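These notes concern the structure reproduced below.
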Protein chains: 2
Amino acid sequence: MNDVEELRYLILALQREGNRRFAAGLRPLDLTPAQGEALSLIATHEPMTLNGLGGLLVCDSGTNPSRIVDRLAASGLVERETDPDDRRQVRLTVTPLGRDRAAQVHAVEDELDGMLAELVGDQPTEPALTLLRSMAAHFPAGRALQRRQQLTAHSP
Amino acid sequence: MNDVEELRYLILALQREGNRRFAAGLRPLDLTPAQGEALSLIATHEPMTLNGLGGLLVCDSGTNPSRIVDRLAASGLVERETDPDDRRQVRLTVTPLGRDRAAQVHAVEDELDGMLAELVGDQPTEPALTLLRSMAAHFPAGRALQRRQQLTAHSP
DNA sequence: ACGATTTAGATGTTGCGGCATGTATGTCAC
DNA sequence: GTGACATACATGCCGCAACATCTAAATCGT
């Protein structure tokens, strides 16, 4: 097994485990990782469209998150209204309940990141980040991430 | 966004994209990534049990890959027979067609790794591997990987 | 103004991961 | 030997990712 192959499997294993733990943390909130991430993004960037959300979520371009938002709307966390200026678009906003829940999601994320930070320990992260960033920069999902960082960099 | 959080998202993004490309490469073979990985492992380690396979696959322990093997068996790539010594166990072996297909899977994997190697370029991978390995070592999916490396290290 | 193209989103389908549960077989204590 | 437990696997369920396809609304060229 060469380096690249091992890297591939490590990434797979870590993603699965991270997702599993994130899911476990979110379960009391009755949210899945996908829902939690979407809710959190909507709360931060509202009002936004489904397309805008899809551009920030790490998922295939061309796939829009309408069904994830379906569930958030059904749970009363997100409101959908068609934009009167462009009736194709849907304006996503967060309800008070949704804002509250988004804060809880953030707490779960912090906890998860704390666990991960423990696994990292005192090892340097920069070399790994540099490598992964440069790999991810070559495709849409990676650029979604860059977009998110640019957006949050301007917030306090 | 701190380092750990960015690392988490990068891993998610890279896993998704890698999976997407792997799926694209396997599509002509009529296999999904999960099926391809399972078939490849069975071909390498046959005869093996479902549990043994589950231990090498990067998936949650407690979940066994019986349904993935279902499809491989339905496609005539894998044979299942109950072990007469322990009738709970299923002996998995590969059919000639399956062996052939496994070789094709391997070719697709090589191609994928080639693409990834291009993304890596001349950057050093060791620091990233060290970090990710040490993180993955803390949970089952990561140890599945170690197990696989130990097994393949003995093969020519 | 009108038809062609583009865009935003909805929806159907497939296979998968994870969790829970069920069932059969083997093992162990006594 | 019999009952309690453990193990190996199967299966039902949910939500998701990816792909394809569809509808409606906007935009563009002429």
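This is a predicted model, so every value here is computed, not measured.
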Q. What nucleotide, of dA8(D), dC16(D), dA25(D), holds the atom closest to the side chain of Gln35(A)?
A. dC16(D)
Using 4.0 Å as the upper bound for N to carboxylate O, is an ion pair formed by [Y] and [X]?
X         : Y         : result
Glu126(B) : Arg133(B) : yes
Arg8(A)   : Glu109(B) : yes
Arg99(B)  : Glu46(B)  : yes

[X] has an atom [atom1]; how far is it from atom [atom2] of [N], in whole Å?
X        : N       : atom1 : atom2 : result
Leu50(A) : dA24(D) : CG    : P     : 18 Å
Leu53(B) : dA8(D)  : CG    : P     : 14 Å
Asp85(A) : dA24(D) : CG    : P     : 21 Å
Gln89(B) : dA8(D)  : CD    : C1'   : 7 Å
Gln15(A) : dA17(D) : CD    : C1'   : 11 Å
Asn64(A) : dC19(D) : CG    : P     : 14 Å
Asn19(A) : dC16(D) : CG    : C1'   : 10 Å
Leu57(A) : dC16(D) : CG    : C1'   : 12 Å

What nucleic acid atoms does [X] come within less than 4.0 Å of, heavy atoms only: base, sugar-phosphate, or nothing?
X        : result
Arg71(A) : sugar-phosphate
Asp60(A) : sugar-phosphate
Ser66(A) : base

Q | Side-chain touch Met135(B)/Glu17(A), heavy atoms, less than 4.5 angstrom | A | no
Q.
Taking the side chain as everything from C-beta on, heavy atoms only, tell me whether Arg101(A) gets closer than 4.5 Å to Leu39(A).
A. yes
Q.
Assess, by modelled atom type and distance only, whether the side chains of Thr82(A) and Gln89(A) contain a donor and an acceptor separated by less than 3.5 Å.
A. no
(Q) Looking at Arg87(A), I'd like to know if its CZ atom is crowded, meaning that more than 12 non-hydrogen atoms belonging to other residues, nucleotides or ligands lie closer than 6.0 Å. (A) no
Q) Starting at the 5' end of DNA chain C, which residue's closest nucleotide do you reach first, Pro33(B) or Asp86(A)? A) Asp86(A)
Q: Could you pick out which residue, Thr32(B) or Ala23(A), lies toward the 5' side of DNA chain C when each is mapped onto its nearest nucleotide?
A: Thr32(B)
Q. Taking it one step at a time, do Tyr9(A) and Arg148(B) satisfy side-chain contact (heavy atoms from CB on, under 4.5 Å)?
A. CA-CA 11 Å; Tyr9(A) 282 116; Arg148(B) 277 166 73 160; 2.9 Å; yes
Q: Using only side-chain N and O atoms of Arg67(A), determine if any of them is under 4.0 Å from OP1 or OP2 of dG15(D).
A: no
**Q.** dC19(D) phosphate, OP1 or OP2, under 4.0 Å from Arg27(B) side-chain N/O
**A.** yes
(Q) Quick check for you: name the first and last nucleotides of DNA chain C, 5' to 3', having an atom under 4.0 Å from a heavy atom of chain B. (A) dG15(C) to dG26(C)
**Q.** Given DNA chain D, 5'-ward residue of the pair Asn51(B) and Thr63(A), judged by closest heavy atom
**A.** Asn51(B)
Q. Relative to the 5' end of DNA chain D, which residue comes earlier, Ile68(A) or Arg87(A), by the nucleotide with the nearest heavy atom?
A. Ile68(A)
